[in-house]
**Student:** 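Pasting in a structure now, in structure tokens, and then I'll have a few things to ask.
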Amino acid sequence: MFKSIRGTKDILPNEQKYWEYFKTNAFDLSSIFGFKRIDTPTFESTDLFLRGIGLDTDIVTKETYSFTDRGENNITLQPEGTASVCRSYIENGMFNQPQPIKLFYFTSIFRYERPQSGRLREHHQFGIETIGSHDPELDAEIISFAWTLLKKIGLTNINLSINSIGDITDRKQFITELSQYYKNSGWAKNNCSDCIERISTNPLRILDCKNSNCKNYIKNSPNMISFLSEKNLKHFENVKKYLELAKINYQINNNLVRGLDYYTHTVFEIISDKDKRQNAMVGGGRYNGLIEKIGGNETPGVGFGMGVERVINEIINNKIKLPQKENNSILFTYLTNSSKSKAIEFNIIARKNNIKSELALSTRSLKANMRYANNLKFSTIVIIGDSDEKLNYITYKELNNGDQKDINEKELIDLMTNAKFN
RNA sequence: GUGGGCGUGGUAGAGUGGUUAAUACGCCCGGUUGUGGCCCGGGAGAGCGAGGGUUCGAUUCCCUCCGUCCACCCCA
């Protein structure tokens with residue numbers, strides 16, 4: 001028997017309501033905030049991600065789905081959404097439109113990881129990007145969007161952490177100091193091999209190490225914030241000020257660094273405050289160097305990615321009530337061959353009038369068809385008898401209260417066409 | 001990639017080295033040959049993740065693989 005590939009999942013009909021709920025909220029809010037949808041291909045040239053995300057990041061070195069196609073092109077399934085959007089920005093000359101460009105996307109993301117709860121090899125991300133402005137208020141708007149969306153969906157137990165990792169110049173200094181600190185502190189002797197690797201490849205990530213021994217050293221390590229230039233510090237202050245005005249609670253976490261190389265200045269993360277491990281629902285920040293790195297002019301940008309599966313898990317775990325859609329519908333049943341013809345006609349009329357309807361199966365008894373109607377929560381059942389016998393040969397029955405009346409053909413059609421059916 | 005738990009019909013979940021592998025839910029049919037939900041009766045559906053080994057005999061013991069879950073790593 002075939003099974004879905006490891007780390008992939010079917011989204012079955014009974015969970016679609018959560019997806020609809022998420023999308024409706026996300027797309028509506030996008031429109032309110034002035035973001036427009038963009039869909040980019042799910043795969044891109046491998047090089048785009050190598051240059052965009054960074055050669056030394058875990059995502060690129062060990063998590064990409066890469067292959068060579070029949071034309072010998074190196075292809076990678078997108079392991080995140082931002083690089084593609086930026087590529088499209090450059091390729092389609094969006095810099096000629098009024099800046100900033102505000103876009104959102106909803107797409108599959110592929111990472112070759114070991115699956116566990118809240119982590120898949122194909123998952124979905126909703127994300128937004130604002131490209132073309134340095135304005136710190138835009139950083140805050142991105143954060144505010146994510147926060148507002150999660151609140152709107154009904155999540156209450158969420159925490160926002162923010163940090164600034166400055167620009168390249170700030171960071172170079174910081175990294176020098178950081179390396180110096182680690183060298184002088186005798187840290188290397190007894191610490192995790194991951195970090196010893198990181199110190200040369202991606203020193204910032206050391207700050208994120210969960211190893212308890214490493215954590216001791218992190219406590220006393222130099223603080224990134226004190227390396228920010230005056231201008232960049234001001235930028236960060238402005239972001240915080242906006243958040244305060246918007247009454248969004250945040251925590252500053254100076255050890256927050258993201259796993260993608262392109263981030264600069266503001267970085268942030270929103271997690272569920274349950275103590276589960278895979279709890280980051282949103283991650284994002286500013287990426288001022290990215291567009292240039294992948295071949296565009298120097299262009300700033302800021303955005304986030306939101307893990308849809310993780311948000312939906314939270315919706316389910318928190319038992320958030322979804323708005324109930326009234327589900328009015330008719331099942332047409334019939335008793336004879338001639339009434340079957342009528343049923344077919346009525347079913348067509350119902351559908352023409354945008355009424356959800358189905359024709360009963362002729363292989364089932366009336367009783368069985370009624371059971372079916374009941375199980376599928378039809379609101380109404382129409383039983384069509386033999387028109388030769390009497391005038392009002394159609395039974396119109398409401399399943400939720402059991403009320404029924406005998407009507408004729410004209411009355412049924414009136415009910416369906418004059419929107420009396422609701 | 002590393003470490004640990006698990007793997008029985010659609011789902012949940014018993015069970016045993018040896019005749020037809022419980023049970024519940026769900027599904028189908030029936031219970032006045034024109035009426036549902038409750039109730040009752042009946043029925044279909046797994047040979048116990050895959051392969052190999054031990055044994056007279058394994059779903060049950062052993063090995064490998066695969067999958068799944070959890071933790072690490074990393075991230076959404």
Side-chain angles (χ1 to χ4, degrees), chain A residues 1-9 12 14 53 57-63 78-82 106-127 146 150 192-195 197-198 202 205 208-212 214 256-260 268-272 275-284 304-314 331 333-336 339 360-361 363-386 389-390 393-404 406:
Chain A
M1 186 168 88
F2 287 110
K3 289 180 168 176
S4 72
I5 301 293
R6 176 163 213 206
T8 66
K9 246 180 61 180
L12 297 171
N14 62 3
I53 300 169
T57 57
D58 283 340
I59 288 182
V60 161
T61 54
K62 51 188 199 193
E63 296 181 358
Q78 59 182 2
E80 59 98 50
T82 303
F106 186 95
T107 190
S108 283
I109 298 293
F110 305 88
R111 290 181 197 169
Y112 190 87
E113 300 189 87
R114 189 108 171 233
Q116 68 189 69
S117 81
R119 189 213 274 164
L120 296 160
R121 288 186 173 178
E122 179 184 11
H123 75 277
H124 299 263
Q125 282 191 21
F126 166 75
L150 294 176
C192 61
S193 51
D194 284 334
C195 284
E197 176 78 21
R198 284 180 186 128
N202 199 347
R205 289 225 60 87
D208 214 17
C209 189
K210 312 297 190 290
N211 179 309
S212 61
C214 284
L256 178 66
V257 281
R258 314 238 77 245
L260 297 87
F268 76 100
E269 197 168 83
I270 300 179
I271 65 173
S272 152
D275 61 346
K276 288 199 75 173
R277 292 301 178 195
Q278 309 300 328
N279 56 4
M281 289 187 284
V282 184
F304 72 68
M306 180 178 283
V308 181
E309 279 84 353
R310 288 187 184 175
V311 173
I312 287 177
N313 278 344
E314 285 297 307
L331 182 71
T333 66
Y334 43 87
L335 304 165
T336 66
S339 54
L361 298 185
T363 49
R364 274 206 270 248
S365 67
L366 179 62
K367 182 197 191 79
N369 274 315
M370 291 204 63
R371 270 189 184 146
Y372 173 79
N374 194 249
N375 286 341
L376 270 71
K377 298 188 170 37
F378 276 81
S379 64
T380 308
I381 188 160
V382 169
I383 304 165
I384 303 162
D386 198 334
E389 285 178 22
K390 50 181 177 174
Y393 64 99
I394 298 166
T395 304
Y396 183 92
K397 175 166 186 161
E398 290 174 51
L399 285 181
N400 48 8
N401 55 21
D403 290 352
Q404 67 178 66
D406 290 335

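Convention: sequence-line order gives letters A, B, ...; per-chain numbering from 1.
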**Student:** Round to a whole Å and report the spacing from CD of A/Glu63 to C1' of B/C72.
**Tutor:** 14 Å
**Student:** Which heavy-atom pair separates A/Thr395 from A/Gln404 by the least distance, and what is that distance?
**Tutor:** CG2-NE2, 3.5 Å
**Student:** Say you pick atom P in B/C63 and the same atom in B/U20; how far apart are they, in whole Å?
**Tutor:**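 Going atom to atom, P in each nucleotide, I get 29 Å.
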**Student:** Which nucleotides of nucleotides 3-10 of chain B have their base under 4.0 Å from a protein heavy atom (B), which only their sugar-phosphate (S), and which neither (-), written as one string 5' to 3'?
**Tutor:** B-------
**Student:** Is any side-chain N or O of A/Ser365 closer than 4.0 Å to OP1 or OP2 of B/G30?
**Tutor:**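 Yes, within the criterion.
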**Student:** Taking only side-chain nitrogens and oxygens of A/Gln125, does any of them come within less than 4.0 Å of OP1 or OP2 of B/A76?
**Tutor:** no
**Student:** Do A/Lys367 and B/G31 have a side chain to base donor-acceptor pair shorter than 3.5 Å?
**Tutor:** yes
**Student:** In this structure, how many angstroms lie between the P atom of B/G37 and the CD1 atom of A/Ile381, rounded?
**Tutor:**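 Computing the A/Ile381:CD1 to B/G37:P distance gives 12 Å.
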**Student:** How far apart are the closest heavy atoms of A/Ile5 and A/Thr8, and which atoms are they?
**Tutor:**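 The answer is O-OG1, 2.5 Å.
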**Student:** Would you kindly check whether a donor in the side chain of A/Arg371 faces an acceptor in the base of B/C28, or vice versa, at under 3.5 angstrom?
**Tutor:** no
**Student:** Rounded to whole angstrom, note down the P distance from B/C75 over to B/G51.
**Tutor:** 40 Å
**Student:** Nearest heavy-atom pair of A/Ile271 and A/Ala280: which atoms, and what distance?
**Tutor:** CG2-CA, 3.8 Å
**Student:** Which whole number of Å gives the distance between the P atom of B/C6 and that of B/U19?
**Tutor:** 26 Å
**Student:** With respect to A/Phe378, which candidate in A/Asn375, A/Val382, A/Leu376 satisfies the side-chain contact (heavy atoms from CB on, under 4.5 Å) definition?
**Tutor:**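 Among A/Asn375, A/Val382, A/Leu376, the one meeting side-chain contact (heavy atoms from CB on, under 4.5 Å) with A/Phe378 is A/Leu376.
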**Student:** Which part of the nucleic acid does A/Ile109 contact within heavy-atom distance under 4.0 Å: base, sugar-phosphate only, or nothing?
**Tutor:** nothing
**Student:** When you compare B/C48 with B/A21, how far apart are their C1' atoms, in angstrom units rounded to a whole number?
**Tutor:** 8 Å
**Student:** More 5' along RNA chain B: A/Leu366 or A/Lys62, using each one's nearest nucleotide?
**Tutor:**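 It is A/Leu366, whose closest nucleotide lies nearer the 5' terminus.
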**Student:** Base of B/G5 relative to its sugar, syn (within 90° of 0) or anti?
**Tutor:** anti
**Student:** With rounding to the closest Å, how many angstrom separate the P atoms on B/G26 and B/C40?
**Tutor:** 12 Å
**Student:** Roughly how many Å apart are B/G18 and B/G57, using the P atom of each and rounding to a whole number?
**Tutor:** 14 Å
**Student:** Would one find a side-chain N or O of A/Ser117 under 4.0 angstrom from OP1 or OP2 of B/C70?
**Tutor:** yes
**Student:** What does A/Glu113 touch in the nucleic acid at a heavy-atom separation under 4.0 angstrom: a base, only the sugar-phosphate, or nothing?
**Tutor:**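 Here A/Glu113 touches the bases of the nucleic acid.
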**Student:** Rounding to a whole Å, what distance do you find between A/Asn374:CG and B/G36:C1'?
**Tutor:** 5 Å
**Student:** Roughly how many Å apart are B/G30 and B/U11, using the P atom of each and rounding to a whole number?
**Tutor:** 27 Å
**Student:** Should the pair A/Phe304 and A/Phe268 be assigned to parallel (<30°), tilted (30 to 60°) or perpendicular (>60°) ring geometry?
**Tutor:** perpendicular
**Student:** Could you tell me how far apart A/Met370 (CE) and B/G37 (P) are, to the nearest whole angstrom?
**Tutor:** 9 Å
**Student:** Starting from C1' on B/A76, measure out to CZ on A/Phe110 and report it in whole angstrom.
**Tutor:**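 Nearest whole value for this atom pair: 14 Å.
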**Student:** Which of these nucleotides, B/C75, B/G34, B/C70, is closest to any side-chain atom of A/Leu335?
**Tutor:**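 It is B/G34.
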**Student:** Contact class for A/Gly284 vs. all strands (heavy atom < 4.0 Å): base, sugar-phosphate, or nothing?
**Tutor:** nothing
**Student:** For nucleotides B/A58 and B/G49, find the distance between their P atoms and express it as a whole number of Å.
**Tutor:**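 The same atom, P, in both gives a distance of 15 Å.
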**Student:** Would you write out the dot-bracket form of RNA chain B, 5' to 3', with Watson-Crick and G-U pairs under 3.5 Å, [ ] for crossing pairs, | for pairs to other strands and . for unpaired bases?
**Tutor:** (((((((..(((.....[....))).(((((.......))))).....(((((..]....))))))))))))....
**Student:** Tell me if a side-chain donor or acceptor on A/Gln78 pairs with a main-chain N or O of A/Ser108 at a distance below 3.5 Å.
**Tutor:** yes
**Student:** On RNA chain B, check which nucleotide each of A/Gly305 and A/Arg364 is closest to and give me the residue with the more 5' one.
**Tutor:** A/Arg364
**Student:** If only atom types and distance count, is the side chain of A/Arg310 paired as donor or acceptor with the main-chain N or O of A/Gly118 below 3.5 Å?
**Tutor:**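 A pair under 3.5 Å: yes.
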**Student:** How would you label the contact of A/Asn313 with the nucleic acid (heavy atoms, under 4.0 Å): base, sugar-phosphate, or nothing?
**Tutor:**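 A/Asn313: no heavy atom of the nucleic acid under 4.0 Å.
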**Student:** Could you pull out the closest heavy-atom pair between A/Gly385 and A/Leu335, with the gap in Å?
**Tutor:** CA-CD1, 3.8 Å
**Student:** Taking all atoms of both residues into account, what is the closest heavy-atom pair of A/Pro79 and A/Ile109, and its distance?
**Tutor:** O-CG2, 3.3 Å
**Student:** With no hydrogens and no angle check, is any side-chain donor or acceptor of A/Arg121 less than 3.5 Å from a backbone partner on A/Arg111?
**Tutor:** no
**Student:** Distance check needed: B/A76 P versus A/Glu80 CD, whole Å only.
**Tutor:** 8 Å
**Student:** Quickly, which of A/Ile381, A/Asp403, A/Ile383, A/Thr380 forms a side-chain contact (heavy atoms from CB on, under 4.5 Å) with A/Tyr396? Name it, please.
**Tutor:**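 Among A/Ile381, A/Asp403, A/Ile383, A/Thr380, the one meeting side-chain contact (heavy atoms from CB on, under 4.5 Å) with A/Tyr396 is A/Thr380.
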**Student:** Looking for any heavy atom pair under 4.0 Å, which part of the strands does A/Gly127 touch: base, sugar-phosphate only, or nothing?
**Tutor:**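 No contact at all - A/Gly127 keeps every heavy atom at 4.0 Å or more from the nucleic acid.
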**Student:** Do A/Gln404 and B/U35 have a side chain to base donor-acceptor pair shorter than 3.5 Å?
**Tutor:** yes
**Student:** Specify the closest pair of heavy atoms between A/Leu120 and A/Gly7, including all atoms of both residues, with the distance to one decimal.
**Tutor:** CB-O, 3.3 Å
**Student:** Starting at atom CG of A/Asp58, determine the distance to atom P of B/C75, rounded to an integer number of angstrom.
**Tutor:**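 One finds 6 Å between P of B/C75 and CG of A/Asp58, rounded.
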**Student:** Nearest to the side chain of A/Ala280 - B/A71, B/A76, B/G36?
**Tutor:** B/A76
**Student:** Is there a side-chain polar atom (N or O) of A/Asn375 under 4.0 Å from OP1 or OP2 of B/C27?
**Tutor:** yes
**Student:** A/Asn14 has an atom CG; how far is it from atom P of B/G26, in whole Å?
**Tutor:**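 Distance check: A/Asn14 CG to B/G26 P gives 15 Å.
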